[in-house]
Q: 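Let me begin by handing over the structure; questions about it come next.
Counting convention: from 1, in listed order, for ligands and their atoms alike.
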Amino acid sequence: MALTNQRWVLNHRPTAAVGPGDLTLQSTEVPDLREGELLVRNIYLSLDPTNRLWMSDREQYLPPVGVGDLMRGGTIGVVEQSRSPRFAPGDLVIPGNSGWQLYTVSHESSTGRVRTTQGVPLSAYLSVLGATGLTAYFGLLDICQPKPGETLVVSAAAGAVGSVVGQIAKIKGARVVGIAGGEAKCRWLVDDLGFDAAIDYKNEDVGEALDRHCPDGIDMNFENVGGPIMDAVFSRLRRNGRMALCGLITGYNSDGPLAGPSDFGRILMQRLTVRGFIVIDYMARAREAMADLGQWVADGKLRWKDHIVDGLENAPAALDRLFTGNHDGKLMVAISDLPSQS
Ligand SMILES: NC(=O)c1ccc[n+]([C@@H]2O[C@H](COP(=O)([O-])OP(=O)(O)OC[C@H]3O[C@@H](n4cnc5c(N)ncnc54)[C@H](OP(=O)(O)O)[C@@H]3O)[C@@H](O)[C@H]2O)c1
């Protein structure tokens, strides 16, 4: 008997935060596999700020999701059927061309095998040991290039990417100041992750706090947020400073342009390097990052939190947590049960 898939499709393009009716949950029949294909039952779906960008038709780094099409999204799952000699039922994989759905038919050529380590939960391979970790690793080490004693400021510092960035910078000997929303998140950064200071942008004047914590200016900015927070950091970058532009989440819920720092001339006057990057461009170097990230996790030098919301039906509502900060760590949705050995 044919299996039934559950999948979210984009109903129309939201103009603000994703709301009821922007996506529709459909039931469809899972098609028969062709040679080289696998049927993957998705276990976790990664929810990312970029999901909201993909719903918009603004110019971006991948084609927007088409109206009526499956909502794109990263998943991790287990092979249930295989017509590939390279994968067998029970294998844990990251399917290619996945989305907000229970089952993905993935071609062997675009499927990544997940090799788990005992004691590390499967969800970690969508977060600290997945694209989140790679984003933090390459954005920080390739673009900011931290040196011992330099000062890094990271925004959305208690989030999935930001929390990993700050810890890697500490491993490399930098001074790290994080900006996050709320006392509890700021306390976690300093008390548990070893940041040198944290600024609660919801309750403090960010500019004043930066002057206090970075009296000699800022060498590196790992920027996740944009808007007034980015401006406050950018205007304190000092000579030869570096900015890794990772994200501009303050602008994702509107269709307007994603604004840059107001003091553009500072790039000239202070000889700054400002570089945007997209993690998919680094996939060919993933092994290099995974060796370090895996070791740091094993050594207890790199900590993380996964925030798992239950049920594929809750994915659209859960996405908004990324924009309100109402989540604690890497946000994902549990779609189906873990295989018994995981
Ligand atoms: N370039 C790439 O390849 C790449 C890859 C992955 C992610 N990213 C970007 O990295 C950034 C972080 O992504 P993530 O997946 O790690 O998400 P996340 O940081 O776990 O969650 C997003 C966080 O952004 C903060 N935020 C949202 N709206 C804000 C606002 N108006 N002002 C200040 N802070 C706000 C909130 O932090 P608080 O709770 O502290 O308020 C929220 O928790 C995003 O901009 C994302 O697009 C880029």
Side-chain angles (χ1 to χ4, degrees), residues 16-18 45-56 58 60-62 73-74 123 126-128 130-140 142-144 153-168 177-189 193 195 198-204 206 221-233 243-254 258-259 274-283 285-286 289 304-309 318-333:
V18 173
L45 163 69
S46 175
L47 290 182
D48 298 283
T50 199
N51 295 162
R52 175 62 186 82
L53 281 180
W54 294 340
M55 293 178 197
S56 129
R58 70 162 88 222
Q60 51 190 288
Y61 62 93
L62 283 177
S123 56
L126 272 193
S127 61
V128 64
T132 298
L134 296 182
T135 306
Y137 185 93
F138 288 115
L140 180 72
D142 259 38
I143 301 174
C144 291
V153 177
V154 52
S155 53
V161 173
S163 58
V164 177
V165 167
Q167 293 178 84
I168 299 176
V177 177
I179 303 176
E183 204 191 319
K185 288 188 178 183
C186 286
R187 217 177 316 111
W188 181 60
L189 295 178
L193 302 191
F195 283 39
I199 298 170
D200 175 1
Y201 76 90
K202 289 188 174 166
N203 295 295
E204 285 182 84
V206 174
N221 173 207
F222 193 104
E223 188 51 48
N224 285 320
V225 163
I229 291 176
M230 171 174 67
D231 257 342
V233 178
M243 177 206 248
L245 180 53
C246 177
L248 293 164
I249 194 171
T250 49
Y252 294 176
N253 268 333
S254 76
L258 296 168
V274 176
R275 214 177 107 196
F277 74 101
I278 300 292
V279 66
I280 50 180
D281 300 338
Y282 283 99
M283 285 306 167
R285 291 175 56 193
W304 77 99
K305 287 181 182 173
D306 294 332
H307 185 126
I308 302 174
V309 172
L319 185 70
D320 198 47
R321 291 172 178 266
L322 294 168
F323 297 88
T324 60
N326 183 19
H327 66 109
D328 205 12
K330 168 71 194 136
L331 188 62
M332 60 184 88
V333 172

Q: If you measure from the Lys or Arg side-chain nitrogens to the Asp or Glu carboxylate oxygens, is any gap between D48 and K330 under 4.0 Å?
A: yes
Q: Around atom 22 (C) of ligand 1, find the nearest protein heavy atom and jot down its residue, atom name and distance.
A: L322 O, 3.4 Å
Q: Which is closest to atom 5 (C) of ligand 1 in terms of heavy atoms, N224, L47, T135?
A: T135
Q: Provide the number and element of each atom of ligand 1 under 4.0 Å from a heavy atom of A180.
A: 40 (O)
Q: Please work out whether any backbone atom (N, CA, C, O) or any side-chain heavy atom from C-beta onward of R321 is under 4.0 Å from ligand 1, and answer side chain, backbone, both or neither.
A: neither
Q: Which is it for V225 and ligand 1 at heavy atoms under 4.0 Å: side chain, backbone, both or neither?
A: side chain
Q: Are any of the N/O atoms in T50 less than 3.5 Å from those in ligand 1?
A: no
Q: What's the shortest distance from atom 7 (C) of ligand 1 to any protein heavy atom, and which residue and atom give it?
A: V161 CG2, 3.9 Å
Q: Starting from atom 34 (N) of ligand 1, locate the nearest protein heavy atom and write down its residue, its atom name and how far away it is, to 0.1 Å.
A: Y201 OH, 3.3 Å
Q: Quick test: of every protein heavy atom, which one is nearest to atom 29 (C) of ligand 1, and how far off is it to 0.1 Å?
A: I249 CG2, 4.1 Å
Q: Quick check: closest heavy atoms across K185 and A180, and the distance to 0.1 Å?
A: CB-CB, 4.2 Å
Q: Provide, to 0.1 Å, the distance between atom 47 (O) of ligand 1 and the closest protein heavy atom, together with that atom's residue and name.
A: Y252 OH, 2.9 Å
Q: Within a 6.0 Å radius of atom CD on E183, are there more than 12 heavy atoms belonging to other residues, nucleotides or ligands?
A: no
Q: In ligand 1, which numbered atoms sit nearer than 4.0 Å to a non-hydrogen atom of G181?
A: 38 (P), 40 (O), 41 (O)
Q: Taking the basic N atoms (NZ, or NE/NH1/NH2) and the acidic carboxylate oxygens, is any pair closer than 4.0 Å for K305 and D328?
A: yes
Q: How far apart are the closest heavy atoms of F195 and V177, and which atoms are they?
A: CD2-C, 4.4 Å
Q: Do Y61 and T50 get their side chains close enough for a donor-acceptor pair, meaning under 3.5 Å?
A: yes
Q: Measure across L45 and L126 and return the closest heavy-atom pair with its distance rounded to 0.1 Å.
A: C-CD1, 4.0 Å
Q: Identify which of C246, G247, A244 has a heavy atom lying nearest to atom 48 (C) of ligand 1.
A: C246
Q: Is A160 close to ligand 1, meaning an N/O of one under 3.5 Å from an N/O of the other?
A: yes
Q: Would you name the heavy atoms of C246 and V161 that are closest together and state the gap between them?
A: SG-CG1, 4.3 Å
Q: Just to be sure I'm reading this right: ignoring hydrogens, which of G159, A198, G329, P49 gets closest to atom 17 (O) of ligand 1? Compare them by their nearest heavy atoms.
A: P49
Q: If we only count N/O pairs under 3.5 Å, is I179 in contact with ligand 1?
A: no
Q: I'd like to know whether ligand 1 has L248 as a neighbour, heavy-atom separation below 4.0 Å.
A: yes
Q: Show which atoms of ligand 1 fall inside a sub-4.0 Å distance from at least one heavy-atom site of T250.
A: 30 (C), 31 (N), 32 (N)
Q: Hey, is K330 touching ligand 1 through its side chain, its backbone, both or neither, going by heavy atoms under 4.0 Å?
A: neither
Q: May I ask which of A156, G178, S46 has a heavy atom nearer to atom 24 (O) of ligand 1 than the others do?
A: A156
Q: Judged by non-hydrogen atoms, does H327 sit under 4.0 Å from ligand 1?
A: yes
Q: In ligand 1, which numbered atoms sit nearer than 4.0 Å to a non-hydrogen atom of F323?
A: 27 (C), 28 (N)
Q: Against ligand 1, does A158 come closer than 4.0 Å with any heavy atom?
A: no
Q: If you have a sec, work out which protein heavy atom is nearest atom 3 (O) of ligand 1 and how many Å separate them, to one decimal?
A: V279 N, 2.7 Å
Q: May I ask you to identify the nearest protein heavy atom to atom 39 (O) of ligand 1, giving residue, atom name and distance to one decimal place in Å?
A: K185 NZ, 2.5 Å
